[in-house]
Amino acid sequence: MTLLVTGGAGFIGSNFVHHWLGQSDETLVNLDALTYAGNLGNLARWTRDARHVFVKGDIGDRALVDHLLHAHRPRAVIHFAAESHVDRSIHGPTDFIQTNVVGTFQLLEAARAHWMGLADSDRQGFRFLHVSTDEVYGSLSPTEAPFTETRAFEPNSPYSASKAASDHLVRAWHHTYGMPVLTTHCSNNYGPYHFPEKLIPLVIHNALAGKPLPIYGDGQQIRDWLYVQDHCSAIARVLQAGVTGQTYNIGGWNEKPNLEVVHTICHLLDQMRPRNDGRAYAEQITYVADRPGHDRRYAIDARKIERELAWRPAESFETGIRKTIAWYLDHQDWVSDVTSGAYRQWVDQHYG
Ligand code: NAD
Ligand code: TYD
């Protein structure tokens, strides 16, 4: 039995590889283009493990994907690969359309051809699991109920619009062709191997480096945080027991304003790695210009996955953020590889 995972060298994808190979003997073929966000250092533990087959390549490369599907005959595709950073999508949306929309379309078409060619018994068990985000639902007012699966899409950034477009393609491939798809919408993740361009790893890194901690606007925007290993366990559960054609929201009921998140990190760092001058990390907080079109609030109603698939997160924000900070303190070599760009030089040398 084999899984084809896309984007498995990124933040969530590499955590999923750790999660999966830690509990299963199934081979995992990992297709990743190694953009700036992909880092083979995240997967160093598995380089000599035959269950992990890494392939550098683009999800939009139809010939390559056809070849991988033919050669490995996976029972499922788990699709993480995407351009994922909202600020980058504002500065340059092209890659987001190319990977998230066109790339997903190419992957779906390759998977459909593979699925149609399977024997009846294998065709029934095949799954295409599309990993999406809560950001497709748009922004909530302070008093609105959290997003349910039936909420209309109202994406506001080029990133969320490109993810919403891919979600629509996946839905249509089920409705029109009967493809056995599953879609998940998860809230903001945090944890190990998170690239330090996103809020939580950026704040931990900048705090330790004595740099400003940038708060966009008033810092009262709310995100719903989930520890990344909980997201991985939810995906494994949806793959195992999700009903095809259904969508599942994944979240841990952890709504926090950004400023509170940053203060919590500063407070924990004050205990776990005090500043040399004895002052508080919170003194490094700096208010900067707001993100254009900044969504005010996201919140996930996770009752469907709890009720129908009996999934619950293992971590609260309090336990998860402490683990995350401890991981960054213990993996400063990973952080300096990423922030210095050393991990990119290795990719250039290795793959030319
Ligand atoms: P990431 O940016 O850390 O990783 C993306 C990975 O995809 C990288 O390894 C990159 O090299 C690879 N990739 C990019 N373009 C590719 C292409 N054309 N072909 C093959 N590989 C390509 O992203 P992430 O935070 O790990 O997010 C993974 C998925 O989860 C995305 O689909 C994202 O939309 C979704 N998601 C993320 C969050 C979050 O908080 N990070 C929350 C909900 C959903
Ligand atoms: P981010 O981690 O980029 O995730 P997303 O935009 O997908 O939710 O940002 C999380 C929140 O933190 C978001 O409201 C933007 C805010 N933010 C800052 O205030 N400062 C920063 O330097 C960054 C990167 C984000």
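First listed ligand is number 1; within each ligand, the first listed atom is number 1.
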Close N or O approach ([X], ligand 2; < 3.5 Å):
X	value
Gln221	no
Asp295	no
Trp225	no
Ile215	no

For His174, what residues pass the side-chain hydrogen bond (donor to acceptor under 3.5 Å, both in side chains) criterion, not counting sequence neighbours?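 His174 satisfies side-chain hydrogen bond (donor to acceptor under 3.5 Å, both in side chains) with no other residue.
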
Tell me which protein heavy atom sits closest to [atom], plus the residue, atom name and distance to 0.1 Å.
atom	answer
atom 16 (C) of ligand 2	Asn258 ND2, 3.4 Å
atom 20 (N) of ligand 2	Pro214 O, 2.8 Å
atom 2 (O) of ligand 2	Leu199 N, 2.9 Å
atom 8 (O) of ligand 2	Arg223 NE, 2.8 Å
atom 3 (O) of ligand 2	Arg291 NH2, 3.1 Å

Should you measure from each heavy atom of [X], which atoms of ligand 2 turn up under 4.0 Å away?
X	answer
His85	3 (O)
Glu135	5 (P), 7 (O), 8 (O)
Asn188	4 (O), 5 (P), 8 (O)
Leu202	22 (O)

Counting only heavy atoms, tell me which of His194, Arg297, His294 gets closest to atom 13 (C) of ligand 2.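 Among His194, Arg297, His294, the closest heavy atom to atom 13 (C) of ligand 2 belongs to His294.
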
Pick, from Tyr190, Tyr287, Tyr216, Tyr159, the option with the minimum heavy-atom distance to atom 17 (N) of ligand 2.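 Considering heavy atoms of Tyr190, Tyr287, Tyr216, Tyr159, the nearest to atom 17 (N) of ligand 2 sits in Tyr216.
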
Can you check whether Tyr227 reaches Thr324 side chain to side chain, under 4.5 Å on heavy atoms?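 Yes, their side chains come closer than 4.5 Å.
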
Around atom CD of Gln23, are there more than 12 heavy atoms from other residues, nucleotides or ligands closer than 6.0 Å?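 Result for CD/Gln23: enclosed.
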
Take atom CG of Asp330 as the centre, draw a 6.0 Å sphere, and report whether it contains more than 12 heavy atoms from other residues, nucleotides or ligands.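 Correct, the count exceeds 12.
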
Describe, in one word, how the ring planes of His52 and Phe54 are oriented to each other, choosing from parallel (under 30°), tilted (30 to 60°) and perpendicular (over 60°).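 Answer is tilted, since the angle falls between 30° and 60°.
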
Using the ring of each side chain (for Trp, its six-membered ring), is Tyr137 parallel, tilted or perpendicular to His185, with breaks at 30° and 60°?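 Ring orientation, 0 to 90° scale: tilted.
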
Show me a pair-per-line table, with atom names and distances to 0.1 Å, of protein N or O atoms that are under 3.5 Å from an N or O of ligand 1.
{"unit_1": "ligand 1", "atom_1": "2 (O)", "unit_2": "Ser84", "atom_2": "OG", "d": "2.7"}
{"unit_1": "ligand 1", "atom_1": "3 (O)", "unit_2": "Phe11", "atom_2": "N", "d": "3.0"}
{"unit_1": "ligand 1", "atom_1": "9 (O)", "unit_2": "Gly10", "atom_2": "N", "d": "2.9"}
{"unit_1": "ligand 1", "atom_1": "9 (O)", "unit_2": "Asp32", "atom_2": "OD1", "d": "3.2"}
{"unit_1": "ligand 1", "atom_1": "9 (O)", "unit_2": "Asp32", "atom_2": "OD2", "d": "2.6"}
{"unit_1": "ligand 1", "atom_1": "11 (O)", "unit_2": "Asp32", "atom_2": "OD1", "d": "2.5"}
{"unit_1": "ligand 1", "atom_1": "11 (O)", "unit_2": "Leu34", "atom_2": "N", "d": "3.4"}
{"unit_1": "ligand 1", "atom_1": "11 (O)", "unit_2": "Thr35", "atom_2": "N", "d": "3.0"}
{"unit_1": "ligand 1", "atom_1": "11 (O)", "unit_2": "Thr35", "atom_2": "OG1", "d": "3.1"}
{"unit_1": "ligand 1", "atom_1": "18 (N)", "unit_2": "Asp58", "atom_2": "OD1", "d": "3.1"}
{"unit_1": "ligand 1", "atom_1": "18 (N)", "unit_2": "Thr99", "atom_2": "OG1", "d": "3.0"}
{"unit_1": "ligand 1", "atom_1": "19 (N)", "unit_2": "Ile59", "atom_2": "N", "d": "3.0"}
{"unit_1": "ligand 1", "atom_1": "21 (N)", "unit_2": "Ala33", "atom_2": "N", "d": "3.0"}
{"unit_1": "ligand 1", "atom_1": "23 (O)", "unit_2": "Ser84", "atom_2": "OG", "d": "3.2"}
{"unit_1": "ligand 1", "atom_1": "26 (O)", "unit_2": "Phe11", "atom_2": "N", "d": "3.3"}
{"unit_1": "ligand 1", "atom_1": "26 (O)", "unit_2": "Ile12", "atom_2": "N", "d": "2.7"}
{"unit_1": "ligand 1", "atom_1": "32 (O)", "unit_2": "Phe80", "atom_2": "O", "d": "2.9"}
{"unit_1": "ligand 1", "atom_1": "32 (O)", "unit_2": "Val131", "atom_2": "O", "d": "3.4"}
{"unit_1": "ligand 1", "atom_1": "32 (O)", "unit_2": "Lys163", "atom_2": "NZ", "d": "2.6"}
{"unit_1": "ligand 1", "atom_1": "34 (O)", "unit_2": "Tyr159", "atom_2": "OH", "d": "2.7"}
{"unit_1": "ligand 1", "atom_1": "34 (O)", "unit_2": "Lys163", "atom_2": "NZ", "d": "3.1"}
{"unit_1": "ligand 1", "atom_1": "40 (O)", "unit_2": "Asn189", "atom_2": "N", "d": "2.9"}

From [X] atom [atom1] to [Y] atom [atom2], the distance as rounded to the nearest 0.5 Å:
X	Y	atom1	atom2	answer
His205	His194	NE2	NE2	14.5 Å
Asp224	Ile250	CG	CD1	12.0 Å
Leu182	Gln240	CG	CD	12.0 Å

Closer than 4.0 angstrom, basic N to acidic O: yes or no for Arg297 and Glu144?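 Result for this pair is no, no salt bridge flagged.
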
Is any side-chain N of the basic residue among Arg112 and Glu109 closer than 4.0 Å to the acidic one's carboxylate O?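 Result for this pair is yes, salt bridge flagged.
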
Any idea which part of [X] is under 4.0 Å from ligand 2, heavy-atom wise: side chain, backbone, both or neither?
X	value
Val86	side chain
Ile200	neither
Val288	neither
Glu197	backbone

By the rule that ILVMFWY residues connect when side-chain heavy atoms come within less than 4.5 angstrom, directly or transitively, which residues belong alongside Ile222?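 None; Ile222 is a cluster of one.
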
For Tyr298, does the six-membered ring have the charged nitrogen or CZ of Arg223 within the cation-pi criterion, i.e. under 6.0 angstrom from the centroid and within 45° of the normal?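 Verdict for Tyr298: a cation-pi partner in Arg223.
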
Can you list everything that forms a salt bridge (Lys or Arg N to Asp or Glu O under 4.0 Å) with Arg344? Sequence neighbours excluded, please.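 None.
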
Can you spot which of Ile59, Asp58, Val55 makes a side-chain contact (heavy atoms from CB on, under 4.5 Å) with Leu64?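 Result for side-chain contact (heavy atoms from CB on, under 4.5 Å) with Leu64: Val55.
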
